S.K.: 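Okay, handing you the structure first.
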Amino acid sequence: MILDELVNFSNRYGKREDLVLAGGGNTSAKQGNVLYVKGSGTSLAAITAEGFVKMDRSLLAEIFTKDYPHEDSAREAAALADLMAARLPGEESKRPSVETTLHSLFPQTFVLHLHPALVNGLTCGQAGAETARMLFGDKFLWIGSCRPGYILAKLCSMEMEKYLLRAGKPVSTVILQNHGIFIAADTVKELDEILFNVMSALEKKLNRQPDFSAQTCDTARVESFISKAIEFYGEKTCVLFEGCAEASRFAQSRQTALPLLLPFTPDHIVYCKAFPLFLDESGDLKCELLKYSKKNGYLPKIILAEGLGFFAVGQSEREAKTAKLLFNDAMKVAVYSESFGGPLHMSQDLTDFIVNWEVESYRQKQN
């Protein structure tokens, strides 16, 4: 049964931390006029058949024929309303992935959307598009950075139509700058083969792998930092330290930390906030947190401490662990991007959009 296949490969990919972190990634399958797509906020690793939302493909197709407002919030609200209206009867309690419209564009039976650090080393690299063309020729589409949601889906729709006319067949691989990758195929075996070929090609281009080996550190300074952070954030706060070799390298100075001080992807904004705080060794934590809060309107989830590594802060252990996990992912992306022309961050305009986008706020609350 097609839903069984969908659940099985979703679980299999979802359990691989080199491919999926937290609530990232989504999958889908088509059967007749029905699209089964991952529900927002669910985990691929543990998703069951009930975690997928049944969508009416004909109603999803109508979304691309409509005229929406130009203003961001009005446009996305209208498009989201139409997306929700495309749920089949009985699915009203579920919220489909925001990328459902992108899944619907592929005629292939199965679609896999992931944000692996290795792939995002390419998508967040200055020479990413050029390298992708060299590695994959005309077997893929590169989509430049743009607003997610309806704008991204519309752009992909136009580019996929052009590809079909040019190549005489539907595209199976779409790479999104500062975002991730979509792979589509009629069998799970084909999905596996395409993903394997992409990952293998990228691995061969790497100059180095990130180093997560343990390092000795100033434990007294670490403990003092955690104590001061909890005193400022509140006693229920969880603060976790990462002092591996790569974290230590990035935290050597404000200059070495630059690749991590701006966001690479929406996931990093959702789970780590848009901007980490860099604290000089001689800096006063309370003073810097007050300045940060006044400037940004919130407190940082990630603090890079000069000469140590970084601290992940959460209102629960789970939240802190997720922030730490995703910032480790950001470090991987930064390292991998060195092999693809150096780091390419999200623009300020796009960062602001993600920060204020209702869809990502919803996703954050589910994890």
Side-chain angles (χ1 to χ4, degrees), residues 13-14 16-22 24-25 112-136 139-145 173-183 194-213 215 242-252 255-272 274-276 302 304 309-310 312 322-347 350-351:
Y13 286 131
R16 288 180 52 181
E17 286 195 357
D18 61 325
L19 298 179
V20 177
L21 295 177
L112 171 67
H113 173 46
L114 301 173
H115 320 136
L118 180 54
V119 169
N120 278 335
L122 178 78
T123 75
C124 302
Q126 294 283 346
E130 177 185 346
T131 304
R133 285 191 291 271
M134 180 185 70
L135 292 176
F136 310 121
K139 296 180 179 180
F140 82 105
L141 267 179
W142 178 278
I143 303 296
S145 184
T173 306
V174 176
I175 301 175
L176 308 174
Q177 182 178 317
N178 292 105
H179 190 135
I181 187 170
F182 273 88
I183 296 173
I194 295 171
L195 181 61
F196 176 81
N197 290 336
V198 168
M199 300 295 279
S200 296
L202 294 178
E203 285 176 357
K204 291 175 183 177
K205 294 293 293 182
L206 294 180
N207 297 325
R208 74 179 184 96
Q209 290 280 355
D211 184 356
F212 283 90
S213 60
Q215 299 289 294
E242 176 61 84
C244 68
E246 209 62 68
S248 178
R249 185 181 72 85
F250 278 113
Q252 285 177 8
Q255 184 63 33
T256 58
L258 285 179
L260 298 177
L261 298 184
L262 293 174
F264 282 114
T265 73
D267 276 354
H268 298 137
I269 295 176
V270 170
Y271 298 110
C272 301
F275 308 110
I302 301 294
L304 287 121
F310 76 83
T322 300
K324 181 181 176 183
L325 185 69
L326 266 293
F327 202 68
N328 274 329
D329 181 75
M331 289 199 301
K332 292 179 184 179
V333 172
V335 171
Y336 291 143
S337 73
E338 295 169 6
S339 300
F340 304 110
L344 175 67
H345 298 96
M346 293 172 60
S347 67
L350 186 54
T351 297

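What you see is a predicted model, and the numbers here were worked out from it, not measured in a lab.
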S.K.: Taking all non-hydrogen atoms of both residues into account, name the closest pair between T265 and H179 and its distance.
M.R.: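 Minimum heavy-atom separation between T265 and H179: CG2-N, 4.4 Å.
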S.K.: What residues form a side chain to side chain donor-acceptor pair (under 3.5 Å) with N178, not counting sequence neighbours?
M.R.: none
S.K.: Backbone N or O of A334 within a donor-acceptor pair of the S337 side chain at under 3.5 Å?
M.R.: yes
S.K.: Could you pull out the closest heavy-atom pair between I175 and A132, with the gap in Å?
M.R.: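 For I175 versus A132, the nearest heavy atoms are CD1-CB, 4.5 Å.
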S.K.: Would you say the side-chain atoms of T351 pair up with the backbone N or O of S347, donor to acceptor, closer than 3.5 Å?
M.R.: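 Confirmed, T351 side chain pairs with S347 backbone.
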S.K.: Looking only at heavy atoms, which two atoms of I302 and C272 are closest? And how far apart?
M.R.: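 Scanning both residues, the minimum pair turns out to be CG1-CB, 3.9 Å.
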S.K.: Strictly by side chain to side chain donor-acceptor pair (under 3.5 Å), give each pair with a member in residues 123-136 just once, sequence neighbours left out.
M.R.: N120-T123
S.K.: Within a strict 4.5 Å, meaning less than it, do heavy atoms of the I194 and F140 side chains meet?
M.R.: no
S.K.: Do the non-hydrogen side-chain atoms of F340 and L202 ever get within less than 4.5 Å of each other?
M.R.: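 F340 vs L202: side chains touch.
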S.K.: Give the minimum heavy-atom separation between Y13 and L19, together with the two atoms involved.
M.R.: CD2-CD1, 3.6 Å
S.K.: Is any side-chain heavy atom of L122 closer than 4.5 Å to one of K205?
M.R.: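 No; the side chains remain at least 4.5 Å from each other.
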S.K.: Of the non-hydrogen atoms in V20 and G24, which two are nearest, and what is the gap between them?
M.R.: CG1-O, 3.3 Å
S.K.: Once side-chain contact (heavy atoms from CB on, under 4.5 Å) is applied, do any residues pair with S339, and if so which ones, sequence neighbours excluded?
M.R.: L206, N207
S.K.: Distance under 6.0 Å and angle within 45° of the ring axis: does K332 meet both against F264?
M.R.: no
S.K.: In the structure I gave you, are the side-chain heavy atoms of L262 and F275 within less than 4.5 Å of one another anywhere?
M.R.: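 They are in contact (side-chain heavy atoms under 4.5 Å apart), so the answer is yes.
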S.K.: List for me each residue that meets side-chain contact (heavy atoms from CB on, under 4.5 Å) alongside R249, sequence neighbours excluded, and say none if there are none.
M.R.: R208, E246, Q252, V335, E338
S.K.: Go through the structure and list residues passing side chain to side chain donor-acceptor pair (under 3.5 Å) with R16, not counting sequence neighbours.
M.R.: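 Listed in chain order: D18.
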S.K.: Is the side chain of H268 donor-acceptor paired with the backbone N or O of F327 at a distance under 3.5 Å, no angle test?
M.R.: no
S.K.: To the nearest 0.5 angstrom, please state how far the NE2 atom of H115 sits from the CG atom of D329.
M.R.: 10.5 Å
S.K.: For a quick test of reading the model, state the closest non-hydrogen atom pair linking I181 to P116 and the distance between them.
M.R.: CG2-CD, 4.4 Å
S.K.: Got a sec, which residues hit side chain to side chain donor-acceptor pair (under 3.5 Å) with Q209, two or more places apart in sequence or on another chain?
M.R.: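 Side chain to side chain donor-acceptor pair (under 3.5 Å) check on Q209 returns Y336.
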S.K.: Measuring only between side-chain heavy atoms, which start at C-beta, is T173 closer than 4.5 Å to K139?
M.R.: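 No, every pair of side-chain atoms sits at 4.5 Å or beyond.
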S.K.: Got N328 and L21 here, is their nearest side-chain heavy-atom distance under 4.5 Å?
M.R.: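 No; the side chains remain at least 4.5 Å from each other.
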